[in-house]
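Taking it in order: structure first as structure tokens, then the write-up.
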Amino acid sequence: MLNFLAMSNPAFMVAAAGLSIYGSMQAGKAEQQRQKAIAAQQEQNAKFEQLSAMQAHNERQDRLATLIGMNETSRAVNNRGSNDRSIAALTKAEKKKSATADGRAITQSMLTISRTKFAAADARASGNQAMRSALFQSVNTGLQAYDRISQVS
């Protein structure tokens with residue numbers, strides 16, 4: 001019965017189209033806001049990853065400095081000269097190990113940051129697409145309403 005009234009009364013048809021358009025636009029805005037929030041969270045995650053990577057790097061450097069200091073202390077305690085090959089070999093091995101660990105950690109961190117920034121950009125794009133979709137759906141609803149009204153009038 002209500003559908004019949006809406007189909008025969010242009011005022012009801014305009015109201016129904018208006019409500020449909022309004023609903024589509026509100027749904028598009030809501031989805032865009034949701035995607036913006038996701039993007040903001042992903043950007044924050046990238047910043048946290050960057051901070052975490054810097055802290056881990058500092059910890060690795062502190063560990064290396066401690067090990068080199070222990071080697072130097074051992075050299076002094078054992079009354080070895082500065083040209084002692086075993087101490088130099090230990091120091092060189094620790095530096096190489098530290099450089100390898102640093103390189104791997106930096107690469108992993110860069111990949112993680114890149115993924116989170118991509119996820120943020122993807123979320124923003126999804127939000128924009130939701131608004132475009134809502135707009136096109138609204139235009140379609142308006143054109144259909146115009147077509148129906150012109151048939152009734």
Side-chain angles (χ1 to χ4, degrees), residues 2-3 6 13-149:
L2 186 59
N3 193 19
M13 293 172 77
V14 168
L19 287 174
S20 181
I21 290 169
Y22 179 76
S24 293
M25 294 304 291
Q26 290 302 311
K29 284 180 185 178
E31 180 61 18
Q32 187 178 41
Q33 286 303 107
R34 187 179 82 81
Q35 293 297 336
K36 281 182 181 179
I38 290 170
Q41 181 62 54
Q42 291 295 342
E43 290 289 342
Q44 191 67 37
N45 289 348
K47 289 177 184 176
F48 283 141
E49 175 60 31
Q50 195 170 19
L51 177 63
S52 176
M54 288 173 36
Q55 289 172 335
H57 170 75
N58 290 341
E59 289 171 8
R60 285 189 299 277
Q61 292 303 307
D62 287 345
R63 179 185 161 277
L64 176 62
T66 300
L67 288 172
I68 290 172
M70 287 172 49
N71 285 347
E72 291 300 315
T73 302
S74 174
R75 183 182 60 78
V77 166
N78 292 321
N79 212 16
R80 294 181 172 186
S82 60
N83 293 335
D84 186 283
R85 292 186 308 179
S86 63
I87 299 286
L90 286 171
T91 301
K92 182 179 177 182
E94 286 301 325
K95 285 181 178 180
K96 183 178 179 183
K97 182 179 175 183
S98 179
T100 300
D102 238 8
R104 288 177 180 160
I106 288 168
T107 300
Q108 181 62 40
S109 178
M110 286 172 38
L111 289 172
T112 301
I113 290 169
S114 176
R115 281 193 309 264
T116 55
K117 286 186 177 187
F118 173 80
D122 188 49
R124 281 191 295 276
S126 293
N128 291 338
Q129 181 58 38
M131 276 305 295
R132 279 192 297 276
S133 179
L135 178 64
F136 289 133
Q137 186 176 358
S138 296
V139 168
N140 182 42
T141 300
L143 291 173
Q144 285 178 347
Y146 175 77
D147 182 50
R148 287 185 195 134
I149 290 170

Hey, could you give me the OG/CG distance between Ser24 and Leu19, rounded to the nearest 0.5 Å?
-> 10.5 Å
So do Met54 and Ser109 actually touch side chain to side chain, heavy atoms under 4.5 Å?
-> no
Just how far is it from atom OG1 of Thr66 to atom CG of Asn71, taken to the nearest 0.5 Å?
-> 11.0 Å
Kindly give the heavy-atom pair with the smallest separation between Glu43 and Ala120, and that separation in Å.
-> OE2-CB, 3.5 Å
Can you list the steps and then say if Arg63 with Glu59 is a side-chain contact (heavy atoms from CB on, under 4.5 Å)?
-> CA-CA 6 Å; Arg63 179 185 161 277; Glu59 289 171 8; over 6 Å; no
Are any side-chain N or O atoms of Ser126 and backbone N or O atoms of Asp122, one a donor and one an acceptor, separated by less than 3.5 Å?
-> yes
Compute whether any side-chain donor of one residue and acceptor of the other, for Glu49 and Asn45, lie under 3.5 angstrom apart.
-> no
Which atom of Ala46 lies closest to which atom of Lys117, heavy atoms considered = CB-CG, 4.1 Å
Least distance between heavy atoms, Ala123 atom then Ile38 atom = CB-CG2, 3.8 Å
Residue pair Leu64 / Arg60, side-chain heavy-atom distance below 4.5 Å = no
Atom CZ of Arg85 and atom NZ of Lys92: how far apart are they, to the nearest 0.5 Å?
-> 12.5 Å
Does Arg104 reach the side chain of Gln108, with side-chain heavy atoms less than 4.5 Å apart?
-> no
How far apart are the closest heavy atoms of Ala17 and Thr141, and which atoms are they?
-> O-CG2, 3.9 Å
Between Glu31 and Gln129, is any pair of side-chain heavy atoms under 4.5 Å apart?
-> no
Distance, nearest 0.5 Å, that separates CG of Asp62 from CG of Leu67 = 11.0 Å
Report yes or no: does Ser98 contribute a side-chain atom to a donor-acceptor pair with the main-chain N or O of Glu94 at less than 3.5 Å?
-> no
Report yes if some heavy atom in the side chain of Gln35 is under 4.5 Å from a heavy atom in the side chain of Met131; otherwise report no.
-> no
Nearest 0.5 Å please: distance from the CD atom of Glu72 over to the CG atom of Leu90.
-> 11.0 Å
Roughly how far, to the nearest 0.5 Å, is the CD atom of Gln50 from the OG1 atom of Thr112?
-> 12.0 Å
